[in-house]
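Structure record follows, encoded as structure tokens.
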Amino acid sequence: MAADGFLRFQNVAKSFPGVRALDGVSFQADSGSVHALMGENGAGKSTLLKTLSGVYRPDAGRLVIGGVPQTFRSTADAIRAGVAVIYQELHLVADLSVEENLYLGHLPNAKGWVNRRVLRENALRQLASLGEDISPSTRVGRLSIGQRQMVEIAKALTRDAKIIAFDEPTSSLSAQETDRLFRVIRSLRDSGRVILYVSHRMDEIYALCDATTVLRDGRHVETFPSLKALPRDTLVQRMVGRSITDIFSYAPRPHGKVALEVDGIAGPGLAAPVSFSVAKGEILGFFGLIGAGRSELLKLIYGAARRTAGTVRLEGRMLDALKPSSSIRLGTVLAPEDRKKEGIVPMRSIAENLNISARRHFSRFGFLINPAMERQNAEQYVSRLAIKTPSVRQLIRNLSGGNQQKVILARWLSEKPKVVLLDEPTRGIDIGAKSEIYSIIYQLAREGVAVVVVSSELPEIMGISDRIMVMRSGKVSGVVPRDQFSAERLLNLALPITDHEDTRVAV
Amino acid sequence: MTMPSPNLDSLTPDVLPAGPVRALSPSDKANWLRGLWDSAGMAVILIALMVVLSLTVPNFASVANFRGLALSVATVGMIACTMLFCLAGGDFDLSVGSTVAMSGVLSAVVSNATGSVTLGVAAGLGAGALVGLANGVVIARIGINALITTLAMMQIVRGLAYIICDGRPVGIQSDRFWGLGINSFAGLPVPVWIVIVCFIAFGILLNRTTFGRNTLAVGGNPEAARLAGIAVTRTKIIIFTMQGLAAAMAGIVLSARMTSGQPATAQGLELQVISACVLGGVSLTGGIGTITGVVVGVLIMGVVNNAMNLLNIAPFYQYVASGAILLAAVMVDRFKQSYSA
């Protein structure tokens, strides 16, 4: 289809207190094409989608759809204008049926009485058009994530959406579900709709998208009308503002004596006892699929879950830590997997989150806190780890994921730990912040700290580990030293033995 | 663009440099202004309210009236201090009104029976602490929802209050006991001194101790707090025990003021206390709360009630007014949040 610029952003700007989220963004997307929106976290993609969906009103600039300038006062306005945004967290009512969700807000009715028969017929038709055979009477709560996404797409179609935007749609889909989604997106494109597609996964962008727009720090960097013959490095460089070839910049270090010795540890989430040891200065990676038992293992070591057998020694001393506080006191710390749920206290400040544990070191009599020292400690780490914030009193929930993670790391660095357990330390973090976190990990190792990293990202775990233990279904399936790292070998150890297809690894 | 690269010279310094405090950047100032509005918005409303009432309500602006006002908020004030911890810690306590009645009655009975005010007071405080401890253990260790637990406890303890005195008010014989409610010291009634001390002590506890900061973390995100090494269960049990103690103290002082232990007193007090906290900006979902906010919340409620009494407004209308004020305050808060989000 012709490059018609059906959807145009013209100098769109939006600010929040202390942040310029969008700074005069202009670009256009054509009907009949899948247009990727790329950029690091905090680049402005989400804000852009929210101005498109009517959640935010731009401070300046405007949206033009099909040649008509739009001012959305509400999400309802955007829906009327033919915009549908499918967010990562789907907006469906779990307790209602599929058909009721599809026509939520515009159920076929006569004077308020719902016409069930028409509803059922329409729903069946919409689902069939996507090639879905979900029963319209199923409760949405019983559907898989992939199916729910299809329902969300069908819902957009019932409203005759001309522009459909997807925000990281594959983050919790299996490979098969992703393939299905891509087929559906392509058919939506072929029917002449504008598709906006936000993702961090390069493979997907290249497989699916026709054009791409790169944002950085709320500004439009460049729009590439075609992805053919566009090198990945170029794209990454536009996103980050520099080349990223040396993102891992691994260098071997000398290892010291054994720091952490885990012997026959068992507990919930593990199918067999696990034993291993980590030396001072060593970075030990744990690779495996989600649910392979790696996070559970870390929590058992840390004392956040109750172990049923086994011992943990820290520098030869038995660590009978059955709760996190004793682990911390002895020098083992854990940065958990789910930052939002397990890491941060969102409505408290950076300083508060950072000093949550270490404040006891500078409290008088162990309980009277020292505000000056706390502030100093926080400010020091904010500058050392380059945490982007106007002040340590900023609420942590206002930071980007990468900066939140740095605060969590700072929380544990202030404890001067001997063993650092990191569970998916860079999940959902943009490339720039990732490489900064790797530098922090290397620096810790150089200082003689034993580091255990759990990651599902193959390039990452291969990039930073000295040695990788692979887990599969709650057991250790192999140990690979650095000189034998290969994606194939690691994947073979990680994948369920029967099924080699159903797994993708993020790049 | 150049990425700010972390300064990794040493990540774990042994000595913290005693650098000068950074100058305020513009955004710091913006934050500070917003912080002022966040924390002092209600205080401004309180002051405006007092100015208006002084000008319009006869006898409002008098020393005698302010003393009466202070006395009238003492009970709510004492309990609000610990309710602050309870709410900020992510929980809820509906049993305080019953605890006030029960401990007042128990103190009266024990002090009459033994002839010792000390023993009476100790019995009341002990019983209150036990109620709080029971709440805390059931909620934090067994994991029952705080609303249900304290709703049940509210009824159990109210029942106990009636059982202790067989349903009849117990006149207190000792005039030394009365003194706890009636005597004055340096021009202020004893209950007012007690509530002032409570505000200061719990303010220090919240702002300047690890326990206070842990409370906010536990309320803000219990799982994160646990993984950061905070003893979540213990923190919650301590909070509820303190809450029981504070309610008992308020109950004893109240019975002293009435010179009798009344099993039917303080019905619905828990809601007044929670209202005052919410007026003061304490979050019902935990993690947010300040002592100054609570002081302001308590005073706003007190001032409004006091003015309505002076204006001879019938109690029925006062209920409506109190509810409306609470609702308005919460809506203002809501508006403030969506504005700053």
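Computed over heavy atoms, backbone and side chain alike; hydrogens, waters and symmetry mates excluded. To find a chain, count down the sequence lines: A is the first, B the second, and so on, and within it residues start at 1.
Using a 4.5 Å heavy-atom cut-off against chain A, no residue of residues 196-204 of chain B qualifies as contacting.
Put simply, of B:A231, B:G286, B:A228, B:S283, the one with the most heavy-atom pairs under 4.5 Å next to chain A is B:A228. Heavy-atom pairs under 4.5 Å with chain B were tallied for A:L368, A:N353, A:L409, A:N355; the largest tally goes to A:L368.
Between B:F211 and A:F367, the distance separating the two ring centers is not shorter than 6.0 angstrom.
Under the side-chain hydrogen bond (donor to acceptor under 3.5 Å, both in side chains) criterion, B:T235 pairs with no residue, sequence neighbours left out.
Only one option out of A:T389, A:V407, A:N377 pairs with A:V382 in a side-chain contact (heavy atoms from CB on, under 4.5 Å); it is A:T389.
Residue B:L205: no heavy atom, backbone or side chain, is found under 4.5 Å from chain A. With a threshold of 4.5 angstrom between heavy atoms, A:R411 approaches chain B through side-chain atoms but not through N, CA, C or O.
One finds a salt bridge joining A:R360 and A:E415 here, because a Lys/Arg side-chain nitrogen approaches an Asp/Glu carboxylate oxygen to under 4.0 Å. The pair A:K299-A:E342 meets the salt-bridge criterion, since a charged nitrogen lies less than 4.0 angstrom from a carboxylate oxygen. Ionic pairing of A:E352 and A:R359 is present here: one or more N-O contacts between side-chain nitrogen and carboxylate oxygen are shorter than 4.0 angstrom. Ion pairing between a basic and an acidic side chain is recognised when a charged N comes within 4.0 Å of a carboxylate O; A:E436 and A:K406 show such pairing.
Nearest heavy atoms, A:R216 versus A:R238: NH1-O, 2.6 Å.
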